Structure formats: structure tokens, C-alpha cells
Amino acid sequence: MDILEQFGLDNDQALLLFSMQRYIVQVDIRSEKNKSLQQKKEEWLHVWENGIEDLLADSSNGIKLIKKEKLLIEKCEDVVNNCGKVKTPLYLILLELSLFTPYFSMEGFKWKFYELVTIDKKVANYNLIRFSSMLEIDESFISIYKKSFKKSLRSLSGFYTKMLVGAGLGSVLVAITAGLALPYVATLVAPAGLAGAAAINAGLAALGGGAIAAGGFGMAGGITVIVGGGSIFGALNGMALGAILGDSSDFALREGAKLEVIMREIILIAQKDVRFAQEMIKNQQMVIKKLESELAELKFNEKENKTRIKNLAKSIEYLRNSLKNSQKALEEDSHIKEDE
């Protein structure tokens, strides 16, 4: 199986992920006591929902997100049963649910919107615990994912080190998503066939939900979206990843941090799959090498590409640090097995 496919969700799995995210937001809206903020949250949810449904429409013929709780439970049962012993998609879904922070910037909702409108963490966490049970994954993974991701962000980036001391993880995730330029979101993240605000919001909704449309990677085989930091491997499938990373290194920071979490918490600890861990490291090395080649080409016109060179160089630095941390995790895991 291609490395990128390991981070892919099929139609039903993607629908489940986004419907669970929608449910988390909807419950938060119901619990909002301030009527003015409640209305703003409802408006945001409407825009986000339309963006996600545009994202899924490319492969699902106009499918709608699941809104009724009973149907959501039934869909989850189907997805879990179809996964069988291969639980990787379920771990990925719970990872993205655990890191999901709504009310981020979209067309009509700029960065300042998040400062006014935030999610009730207690209500969200209650539903995360319910979803972990439905996915048949121990609820401890929720806090493990959050702590591990925050630790990875801190180790990868000096810029976010101070911010992480006094700010919640949600504000950091929103800041990273806001750092992406809209033209690249519309052309490289959103599904083909969309244009203008629809393309931008579909791309931002997907990124905020932790995903990128699989169509952008030229993939077949039923994969609808790529999650869990796997988009980094798109460089090996011909995706113009350098264009995104040359525009915003924050994207590399977020995806690189997720790769670390997956390496430690899912591949090595939960699944104990050393072979895949080695394959992942090998492919990370290949991605960095390819991006370094793109960086060298940009330097032929250094004056013209000054900003892109700076951003791409920073992106490569983040990915190198992510690789080093993953290599260290694999080495530590090997030593533990030797001691045992």
C-alpha cells in the first residue's frame, strides 16, 4: 500500500469524521447562553457545513452530513465493523476530532471572530469521550493526542513556544490555519471544479477539520480525504506541496507535529508496527530531499522568490525536526523491546 493511502479516509470514514465534528459544534451552539454569540456560531456552522459538503460532493454525488444522532451512531457502527482489525482509520478519526477547534477564519469570518466566539471545552470533551467509545478506542487517547501534539509543536517551533505557555491549543491551531494564503487553499486544497469563495471555504473547512481532498493528490482507490499529517507525503505523488509550504511554513508545522503524534502514539504504542514506522521515516526523508531540490531551484531567482525561499526553508526545518523526533521515538521503542 502506498504511504499516502495509510493516511487516507474513504467516503464513509470521511463522512463520519466531519459529521462528528459537526455534532460537536451543534451541541456547543445549543449550550451557548448568549443569544448573539449563538447566532454567530450558527452562521459559522452553516458556512463550514456547506464547505465540507462541497468537499465531499466531488466523490459522493452531493452527500449531506449526518445530523441525527441515531443515524450518526449507526454510521459509526458500520465504519467500525468495516474496519475490522485494521483500526488505523479509527485512530486517525479520533486524532482529528481531538484536535478539532471550530470557529476559525473563513470567508466572512476573520481571525478576530475566534477571539469573540470559542467552544465550550467541557461540552466538547464530553462528546469526545462518547465518540471514543463509539470508535472502540480508549478515551485516554484524547488527552494523549492533545498533550503529544502540543509537545510536538513546542519542540518543532521556537515561535510557538511562548505562545503555548499562556494560550490554549485551540488558539494555536486557529492561528496556524489562518496563516495559509487563500489562493493556495482554493487551488491546491479544495476539490476540483470549485471556484471563488466556494473553493476557499471548502479548502478552509477541510484544513480546519484536519483534512485535504484526496483528489489533489491524483489518488484513486476510494480515498476521499488525507488526514493525520499525511498530506506531507503528497510531494511524492506529484502534488505541488512546495507551493503551499513556500507560502506558509505554518502548514508544515501543523502537519509535521501530527506525524510525530502518529508515529509515537498510533504506530509504535497502539499498533506496535515497527515496519510501517521505518517506512514512514524513509518517506519523510524522501519528501525533505524533494523539497530541498525545489528550494535550490527557487534560489536561481533569489530576489524574485525571496519570501517563498524563506518560508520553504522554514518548512523544511520543521520537517527535519519532525523526522529527527520520529527517528528518536523509533530508536527508543527498539531499546525498550531489547530490554524486555
Side-chain angles (χ1 to χ4, degrees), residues 3-4 6-8 91-92 95-96 98-101 144-161 163-164 169 172-180 184-185 188-189 206-212 217 226-237 239-268 276-295 308 310-331:
I3 183 72
L4 197 55
Q6 300 278 359
F7 295 84
Y91 283 109
L92 290 172
L95 170 66
E96 296 300 350
S98 300
L99 299 181
F100 178 57
T101 304
I144 288 171
Y145 284 152
K146 290 181 179 180
K147 289 177 182 177
S148 186
F149 183 74
K150 194 169 183 177
K151 179 181 177 182
S152 295
L153 284 178
R154 186 181 290 117
S155 69
L156 294 182
S157 169
F159 176 77
Y160 283 102
T161 299
M163 186 175 181
L164 282 164
L169 181 59
V172 177
L173 287 167
V174 170
I176 290 172
T177 305
L180 294 160
Y184 290 101
V185 169
L188 298 176
V189 181
L207 281 172
I212 289 184
F217 300 94
I226 305 297
V227 296
S231 59
I232 292 298
F233 299 114
L236 303 178
N237 283 44
M239 182 183 179
L241 188 65
I244 296 178
L245 301 182
D247 183 70
S248 172
S249 58
D250 287 341
F251 180 76
L253 174 61
R254 189 182 80 163
E255 300 298 275
K258 281 187 185 179
L259 288 180
E260 278 191 46
V261 176
I262 287 173
M263 172 65 83
R264 286 194 302 263
E265 312 302 343
I266 297 179
I267 298 174
L268 294 177
F276 181 61
Q278 293 169 335
E279 181 184 352
M280 184 171 147
I281 285 174
K282 179 182 177 182
N283 280 271
Q284 282 179 276
Q285 292 170 331
M286 292 167 62
V287 168
I288 291 170
K289 186 176 181 180
K290 185 167 184 178
L291 292 175
E292 286 174 337
S293 177
E294 291 185 29
L295 180 61
R308 291 189 63 201
K310 180 181 178 181
N311 287 331
L312 184 54
K314 178 60 72 174
S315 295
I316 292 171
E317 180 186 339
Y318 288 151
L319 295 181
R320 280 184 189 143
N321 290 338
S322 176
L323 173 61
K324 288 177 183 177
N325 292 341
S326 291
Q327 288 172 322
K328 183 179 179 181
L330 179 58
E331 288 172 5

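Note that the coordinates shown come from a computational prediction; the quantities given were computed from them, not determined experimentally.
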Enter the distance from Ser322:OG to Gln327:CD here, rounded to the nearest 0.5 Å. 10.0 Å
Minimum side-chain heavy-atom gap Leu259-Phe233 below 4.5 Å: yes
Residue pair Ser152 / Asn325, side-chain donor-acceptor N/O under 3.5 Å: no
Please give me the minimum heavy-atom distance between Met280 and Ile3, naming the atom from each residue. CA-CD1, 4.0 Å
Which atom pair, heavy atoms only, marks the closest approach of Gly234 to Leu4? N-CD1, 4.0 Å
Are the side chains of Leu99 and Lys258 in touch, meaning some heavy atoms are under 4.5 Å apart? yes
Looking at residues at least two apart in the chain, or sitting in another chain, which of them share a side-chain hydrogen bond (donor to acceptor under 3.5 Å, both in side chains) with Gln284? none
Which heavy-atom pair separates Gln6 from Leu92 by the least distance, and what is that distance? O-CD1, 3.7 Å
Out of curiosity, Ser326 OG to Gln285 CD, how far, rounded to the nearest 0.5 Å? 10.5 Å
Passing option when Gln278 is tested against Ile267, Leu330, Asn283 for side-chain contact (heavy atoms from CB on, under 4.5 Å): Leu330
I'd like to know whether Leu245 forms a side chain to side chain contact (heavy atoms under 4.5 Å, CB included) with Asn311, so could you lay out the CA-CA distance, the side-chain angles of the two residues, the decisive distance to 0.1 Å, and finally the verdict. CA-CA 7 Å; Leu245 301 182; Asn311 287 331; over 6 Å; no
About how many Å separate CD of Glu260 and CG of Leu153, when rounded to the nearest 0.5 Å? 9.0 Å
Phe251 versus Ser231, closest heavy-atom pair with distance: CZ-OG, 3.3 Å
Under a 4.0 Å N-O cut-off, is there an ion pair linking Arg308 with Glu294? no
Ser98 and Lys146: which non-hydrogen atoms are nearest, and at how many Å? O-CE, 3.1 Å
Check whether Tyr318 reaches the backbone of Asp250 with its side chain - one donor and one acceptor, N or O, closer than 3.5 Å. no
Flag the pair Phe149 / Glu265 as yes when at least one side-chain heavy-atom distance between them is below 4.5 Å, and no otherwise. no
To the nearest 0.5 Å, how far apart are CG in Leu319 and CG in Leu312? 9.0 Å
Considering residues at least two apart in sequence or located in another chain, which fulfil the ring-ring contact (aromatic ring centres under 6.0 Å, His included) criterion with Phe276? none
Where is the tightest heavy-atom contact between Ala329 and Met263, given as atom of each residue plus distance? CB-CG, 4.4 Å
To the closest 0.5 Å, what do you measure between CG (Leu156) and CG (Asn321)? 6.0 Å
Under a 4.0 Å threshold between the charged nitrogen and the carboxylate oxygen, would Glu317 count as salt-bridged to Lys314? yes
What's the spacing between Ile281 CD1 and Glu331 CD if we round to 0.5 Å? 8.0 Å
